[in-house]
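Read through the structure below, which is laid out as structure tokens, and then see the notes.
Just so it is clear, the model here is predicted, and its values are computed rather than measured. All chains are named by letter (A, B, ...) in the order of the sequence lines, taking the proteins before the strands, and each is independently numbered beginning at 1.
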Amino acid sequence: MTNRSANEIAIVAALRQLRRGEVVAYGEVARRAGLPGRARLVARVLAHSPVADLPWHRVLRADGRIAFAPGSEGYIEQLRRLQTENVTVVDGRVRMASVAGKLDALLWASPPADE
DNA sequence: ACTCTGACCAGCC
DNA sequence: GGGCTGGCCAGAG
């Protein structure tokens, strides 16, 4: 097999592990996929992966900001999806550290149906 | 083969 | 918090 497809498969697998309300950085997805340091590859996969049902909106930059340019289509869509999952987004950014704390609320809240 | 360009990141200042 | 730098690697021209 080619490295390319192997990497993509690993990344897609890691992405599919993301549950509703769980947000991670590109770099973390890469690490989970066994590809430390390949954050950019994750971005590429999200951008053009043939797999349609990837939770791309749960992936943020390392600083918790949405990767898209503020106001852009993707930005707005991602923001909307995150809010749908009860993820707090302030000024285009998610407080990664407080996400864990939010798990409590998420567990007690009545979330929309999940996969 | 080479240069540019990224839905990026960590380290430094 | 913000700006720079170097590193990363796969497409596109």
Next on the checklist: Please check: side-chain N/O of A:E85 versus main-chain N/O of A:R81, any donor-acceptor pairing under 3.5 Å?
Outcome noted: no
Next on the checklist: Just so I know, are the side chains of A:V45 and A:V29 near enough to count as touching, which here means a heavy-atom distance under 4.5 Å?
Outcome noted: no
Checklist outcome for this item: Atom CG of A:D63 and atom P of B:dG11 are separated, to the nearest Å, by 15 Å
Item to check | Which atom of A:A30 lies closest to which atom of A:A39, heavy atoms considered | outcome: CB-N, 3.9 Å
Checklist entry - How close or far is atom C1' of B:dA7 from atom CG of A:L54, stated in whole angstroms? => result 13 Å
Next on the checklist: Students often get this wrong, so: under 4.0 angstrom with heavy atoms, is A:R93 touching a base, only sugar-phosphate, or nothing?
Outcome noted: sugar-phosphate
Next on the checklist: Classify A:A62 by what it touches in the nucleic acid, base, sugar-phosphate, or nothing, heavy-atom distance under 4.0 Å.
Outcome noted: sugar-phosphate
Checklist entry - B:dA10, B:dC8, C:dA10: which one has an atom nearest the side-chain heavy atoms of A:R44? => result C:dA10
Item to check | Closest listed nucleotide, where the reference is the side chain of A:R31 and the choices are B:dA10, B:dC8, C:dG1 | outcome: B:dA10
Item to check | Residue pairs, two or more places apart or on separate chains, that pass side chain to side chain donor-acceptor pair (under 3.5 Å) and touch residues 40-55 of chain A | outcome: A:R16-A:D53
Checklist entry - Of the nucleotides B:dA10, C:dG11, B:dA7, which has the atom closest to the A:A67 side chain? => result B:dA7
Checklist entry - From C:dG1, B:dC8, B:dA7, pick the nucleotide closest to the side chain of A:W56? => result B:dA7
Checklist outcome for this item: When rounded to whole Å, the CZ to C1' distance for the pair A:F68 and B:dG6 reads 12 Å
Next on the checklist: Quick check for you: among B:dC9, C:dA10, C:dC8, whose closest atom lies nearest to any side-chain atom of A:R38?
Outcome noted: C:dC8
Checklist entry - Over how many whole Å does the gap from A:R32 atom CZ to B:dC8 atom P extend? => result 19 Å
Next on the checklist: Measure CD/A:E73 against P/B:dA7 and give the value in whole Å, please.
Outcome noted: 16 Å
Checklist entry - Looking across every strand, which nucleic acid part, if any, lies under 4.0 Å from A:A25 by heavy atom: base, sugar-phosphate, or nothing? => result sugar-phosphate
Item to check | Any donor-acceptor N/O pair under 3.5 Å between B:dA7 base and A:Y26 side chain | outcome: yes
Checklist entry - Tell me: CZ of A:R58 to P of B:dA7, nearest whole Å? => result 22 Å
Checklist entry - Can you tell me how far C1' of B:dA7 sits from CG of A:L82, to the nearest Å? => result 13 Å
Item to check | Contact summary for A:Y26 and A:A67, nearest pair of heavy atoms | outcome: OH-CB, 3.4 Å
Checklist entry - A:I11 has an atom CD1; how far is it from atom C1' of C:dA10, in whole Å? => result 11 Å
Next on the checklist: Judged by each residue's nearest nucleotide on DNA chain C, which is more toward the 5′ side, A:H48 or A:G37?
Outcome noted: A:G37
Item to check | Base C:dC9 to side chain A:R40, donor-acceptor N/O within 3.5 Å cut-off | outcome: no
